[in-house]
Amino acid sequence: MQTKNIMIVGVGGQGSLLASKLLGHLLLKYGYDVKVSEVHGMSQRGGSVVTYVRYGDKVFSPVIDKGEADVIVSFELLEAARWTEYLKEGGVIVTNTQRIDPMPVITGAAQYPENLAEKIASLGVKIDAFDCLSLAREAGSEKAVNIVLLGRLSSYFDYDPEDWKQAIRECVPQKFVELNLKAFELGRASETA
Amino acid sequence: MSKQLMLGNAALARGLYEAGCCVASSYPGTPSTEVTEEAAKYDAIYCEWAPNEKVAMETAFGASMAGKRSFCGMKHVGLNVAADPLFTIAYTGVNAGMVICVADDAGMHSSQNEQDSRHYAEAAKLPMLEPSNSSEALAFAKAAYEISEKFDTPVIIKMCTRIAHSQSVVETGEREELPTKPYEKNIQKNVMMPANAKKRHYDVEKRMKALEEYAETTPLNRIEWGGKELGIITSSTSYQYTKEVFGDSVSVLKLGMVHPLPEKLIRKFASNVKSLAVIEELDPVIENYCRQLGLTVIGKDILPLEDEYSQNLVAAAFGRPVPEGKKLADAVPPRPPVMCAGCPHRGMFYLLSKHKLTVFGDIGCYTLGATAPLYALDISTCMGASLSGIHGFNKALGKESEKKTVAVIGDSTFMHSGMTGLANIAYNQSVSTVIILDNSITGMTGHQQNPTTGYNIKGDPAGKIDLEALCRAMGFTRVRVVDPYDLAATEKVLLEELAAEEASVIISRRPCALLKYVKHAPPLHVEADKCRSCKACMKLGCPAISMREGKCVIDSTQCVGCGVCEELCKFSAIVK
């Protein structure tokens, strides 16, 4: 199988590392060669962060380049816009509609562009934008945004949802399993915004 | 054991474990930190955070002399700090195997420069291995110990961000328990004074010759024959980009040992391909070697010296088509890293900025104090440089600068290499004002303990150095402790110490807001009818505060209730 590429993008501190860990865990179980490339250190401090997940028969490069991503999973709308260029023709962006102002917007040096989801869609890009934060709150914690997104992502794959849930059980501390399973279900079942 | 996904750094730690490593001493630094953190999860390896890389390397050397396999890990700039022992333990050699990991940061994801550590292997005359994925990280750690003991030399393993922080598939094995190699006194070999070192230099050169022979046949280096039109010599993550772009259409000489380089193998490879290229990040080390051999080679004439590579970069350099994505017409504002909401450094930086002080900065989260809107730092270079720098600045300009300058340094950085700078201020008597930003942890690298926290790498109670007592013992009579969340009290102390006629130390103490044990107050919010849009709170550069429809709003998902903005609001619009 040709290598498939999933990018997970967001703002440092939003929990993208857990999402990539779960995804890597699941894909390895399906017997693929897998590489997951992360960002640690300074960039994590509220900066734009990206995690690359690649899988297939044999994966070489640990990173995903422009025009290569099959799916971009985004924790924040501006980040979806930033990385749109990395999407392959025919790929899909699954994104939280949450807005987090970056420092240049906070200081007034730049504007946060309006109607980003519509603008991305107008490029002819398939974008699935929905309010993960509300669903995460419904599941019991704002921090469950990552699993809500993963739930939605799962609907783009033919894999048995039970396998995804098993990965959650295996990767998440026991006391948070129930909350995260609920977040997964809410994300998977949600309507497109 | 079953296959599993492992971070390159975790796989290297696994390799240390399986190779029977007994002692690891390191200083944290992105992207090297997780090697030692992961090694600490194996009870069979004694692990510690040393105060700095030089101490770590000398500790590992001591353990090797004692007859136990040992390890030390650091980032590229850390190897500068440890360069002193490095060049001389290259002469003494080892007893039990000793492995040094250095992790480079091409792309400078979290570093102050982009130096290429391969030059150290050449300069210190040490073998260097360079894995290209996690399974090699594990295997090379074991190979490194064998080389170390066979050739009586420390061995360097060079990682880079994309290998250190990428997970790929590994298969783990069992640990090999080794007997302690008895320590034997050998003054000629181990006491490096001129008469002895002079003789050892001949041994080092002999060892290099033997290692060159080894490099010709080791399975660490391999040729993957493919198309013969183009042959590419490469290593590390560049090997992965090469395979991604060219597959089997070219031949590849994949180097796992990047110093010394295998002359005969390179000549054989070059003679079997029509044209020869070298793909390597940063400096043209392999390329220059090929040129020394008289080979014609494509390299930095088409590839950059700066930044990290990728498959598209390599493809474009060789004239291959690269995919293009669709780009928004709108400008997407950048999102640089910032100090976190509730960061205890923010209040102090706000005050330094407010009083327009010249600030010597240092290396840590607080380097972000240089960014908008605080712009609080003037100069930042390397670990510990703030305290030495302010002393020089004040000696040069005298009284006119002493009242307007401060140095800021974190607790961990102070223990790393700030103490000697402070000793210089005490001894040579500049009236400098030093601020130790004590957030009770090594922050930027992801919360490692240090000699001031009272805990060791495993989180168990350890020795705790008392910063106030240490400063007083150096002769500072003015040592003040402030809580940076209390702006008024902090400002008062800051102004008093700047006005004082002798040097002083202000310890700005408040644990990092991200520490698990730190309990946060509920998020604050803005009462819109009271907000006069004066933007006083915005001057803090807190990521939780932004303007919406002309009024300040606080993002409840980010706010940790530190209350610093509340202190700045003259209209009591920010409330609990």
Side-chain angles (χ1 to χ4, degrees), chain A residues 3 11-13 20-21 24-25 28 33-48 52 58-63 65-69 78-79 81-82 84-89 98 100-113 116 119-120 123-125 133 142, chain B residues 3-5 7 30-31 33-34 109-111 133 162-163 165-169 237 239-244 310-313 322-341 365 367-368 371-373 444-446 514 538 541-543 545-547 555 557-558:
Chain A
T3 301
V11 179
S20 61
K21 183 181 170 185
H25 189 83
L28 189 67
D33 187 22
V34 183
K35 280 190 179 167
V36 178
S37 197
E38 306 168 353
V39 176
H40 298 216
M42 185 181 264
S43 322
Q44 272 182 302
R45 300 278 172 255
S48 171
Y52 308 102
K58 177 72 189 159
V59 179
F60 290 109
S61 170
V63 300
D65 222 323
K66 284 177 187 168
E68 288 191 335
L78 187 68
E79 295 311 307
R82 184 184 320 283
T84 296
E85 223 187 329
Y86 281 69
L87 199 68
K88 181 186 280 183
E89 187 72 42
Q98 189 179 351
I100 300 175
D101 286 357
M103 199 47 68
V105 171
I106 290 175
T107 60
Q111 296 288 316
Y112 194 106
L116 277 173
K119 282 176 184 162
I120 294 169
L123 294 172
V125 168
L133 195 55
E142 286 176 346
Chain B
K3 284 183 179 180
Q4 52 188 301
L5 270 183
L7 208 59
T30 312
T33 311
E34 300 81 6
H109 297 269
S110 197
S111 301
N133 60 25
R162 293 301 178 188
I163 303 302
H165 289 162
S166 290
Q167 299 178 47
S168 58
V169 183
T237 189
Y239 164 77
Q240 304 294 354
Y241 304 139
T242 300
K243 293 297 282 187
E244 183 88 22
S310 70
Q311 51 267 39
N312 281 5
L313 182 142
V322 290
E324 273 178 42
K326 290 173 176 162
K327 207 175 169 178
L328 280 189
D330 289 55
V332 176
R335 190 185 300 275
V338 292
M339 286 189 288
C340 308
C365 289
T367 316
L368 292 169
T371 58
M444 180 63 85
T445 44
L514 299 183
M538 303 288 291
C542 176
I545 310 174
S546 54
M547 296 291 283
D555 179 352
T557 67
Q558 293 195 68

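A, B, ... follow the sequence lines: proteins, then strands. Residue 1 opens every chain.
Neither the backbone nor the side chain of Ala329(B) comes within contact range of chain A; no heavy atoms are under 4.5 Å apart. Using a 4.5 Å cut-off between heavy atoms, Pro373(B) contacts chain A through both its backbone and its side chain. Of the atoms belonging to Ser168(B), heavy atoms from both backbone and side chain fall under 4.5 Å from chain A. Contact annotation for Leu514(B): only side-chain heavy atoms (C-beta onward) come within less than 4.5 Å of a heavy atom of chain A. Of the two parts of Gln98(A), only the side chain, counted from C-beta on, holds a non-hydrogen atom closer than 4.5 Å to a non-hydrogen atom of chain B. If you measure heavy-atom distances from Glu142(A) to chain B, the contacts under 4.5 Å come from the side chain alone. Heavy-atom distances place the side chain of Leu28(A), and not its backbone, under 4.5 Å from chain B. Residue contact with chain A, scored on non-hydrogen atoms closer than 4.5 Å, involves the side chain of Thr237(B) exclusively. Using a 4.5 Å cut-off between heavy atoms, Val63(A) touches chain B through backbone and side chain atoms alike.
Under the 4.5 Å side-chain criterion, counting only non-hydrogen atoms from C-beta, Glu38(A) is in contact with Leu7(B). Between Val36(A) and Ser166(B), every side-chain heavy-atom pair lies at or beyond the 4.5 Å cut-off. The side-chain heavy atoms of Pro323(B) and Tyr86(A), taken from C-beta on, include no pair separated by under 4.5 Å. Residues Leu313(B) and Asp65(A) form no side-chain contact, since every pair of their non-hydrogen atoms from C-beta on lies 4.5 Å or further apart.
Taking Lys326(B) as the reference, Glu89(A) meet the salt bridge (Lys or Arg N to Asp or Glu O under 4.0 Å) condition, with sequence neighbours excluded. Qualifying ring pair (Phe, Tyr, Trp, His ring centres under 6.0 Å) partners for Tyr52(A), counting only residues two or more places apart in sequence or in other chains: none.
Per-residue heavy-atom pair counts under 4.5 Å with chain A were compared for Thr367(B), Thr242(B), Asn133(B), Thr30(B), and the maximum is reached by Thr30(B). Between chain B and the options Leu123(A), Thr107(A), Val11(A), the largest number of non-hydrogen pairs under 4.5 Å is found for Leu123(A).
Taking CG of Asp330(B) as the reference point, atom OH of Tyr112(A) lies at 11.5 Å (rounded to 0.5 Å).
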Asp101(A) and Met547(B): CA distance, side-chain angles, deciding distance, side-chain contact (heavy atoms from CB on, under 4.5 Å) verdict: CA-CA 9 Å; Asp101(A) 286 357; Met547(B) 296 291 283; over 6 Å; no
Thr84(A) vs Lys327(B), side-chain contact (heavy atoms from CB on, under 4.5 Å): CA-CA, chis, key distance, verdict: CA-CA 6 Å; Thr84(A) 296; Lys327(B) 207 175 169 178; over 6 Å; no
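No donor-acceptor pair closer than 3.5 Å links the side chain of Asp555(B) to the backbone N or O of Ile100(A). Judged by distance alone, with hydrogens and angles left aside, the side-chain atoms of Arg335(B) form no donor-acceptor pair with the main-chain N or O of Pro104(A) at under 3.5 Å.
Of all heavy-atom pairs spanning Cys542(B) and Met103(A), the tightest one is C-CE, 4.1 Å. Residues Asn312(B) and Lys66(A) approach most closely at ND2-O, 3.2 Å, considering heavy atoms. Pro333(B) and Ala110(A) make their closest contact through CB-CB, 3.8 Å (heavy atoms, listed as atom of the first residue, atom of the second, distance). Closest of all the heavy-atom pairs between Leu133(A) and Thr557(B) is CD2-CG2, 4.0 Å. Taking every heavy atom of both residues into account, Ile106(A) and Ser546(B) meet most closely at CG1-CB, 4.1 Å.
Put simply, the residue from Gln311(B), Gln240(B), Glu244(B), Arg162(B) that forms a side chain to side chain donor-acceptor pair (under 3.5 Å) with Ser61(A) is Gln311(B).
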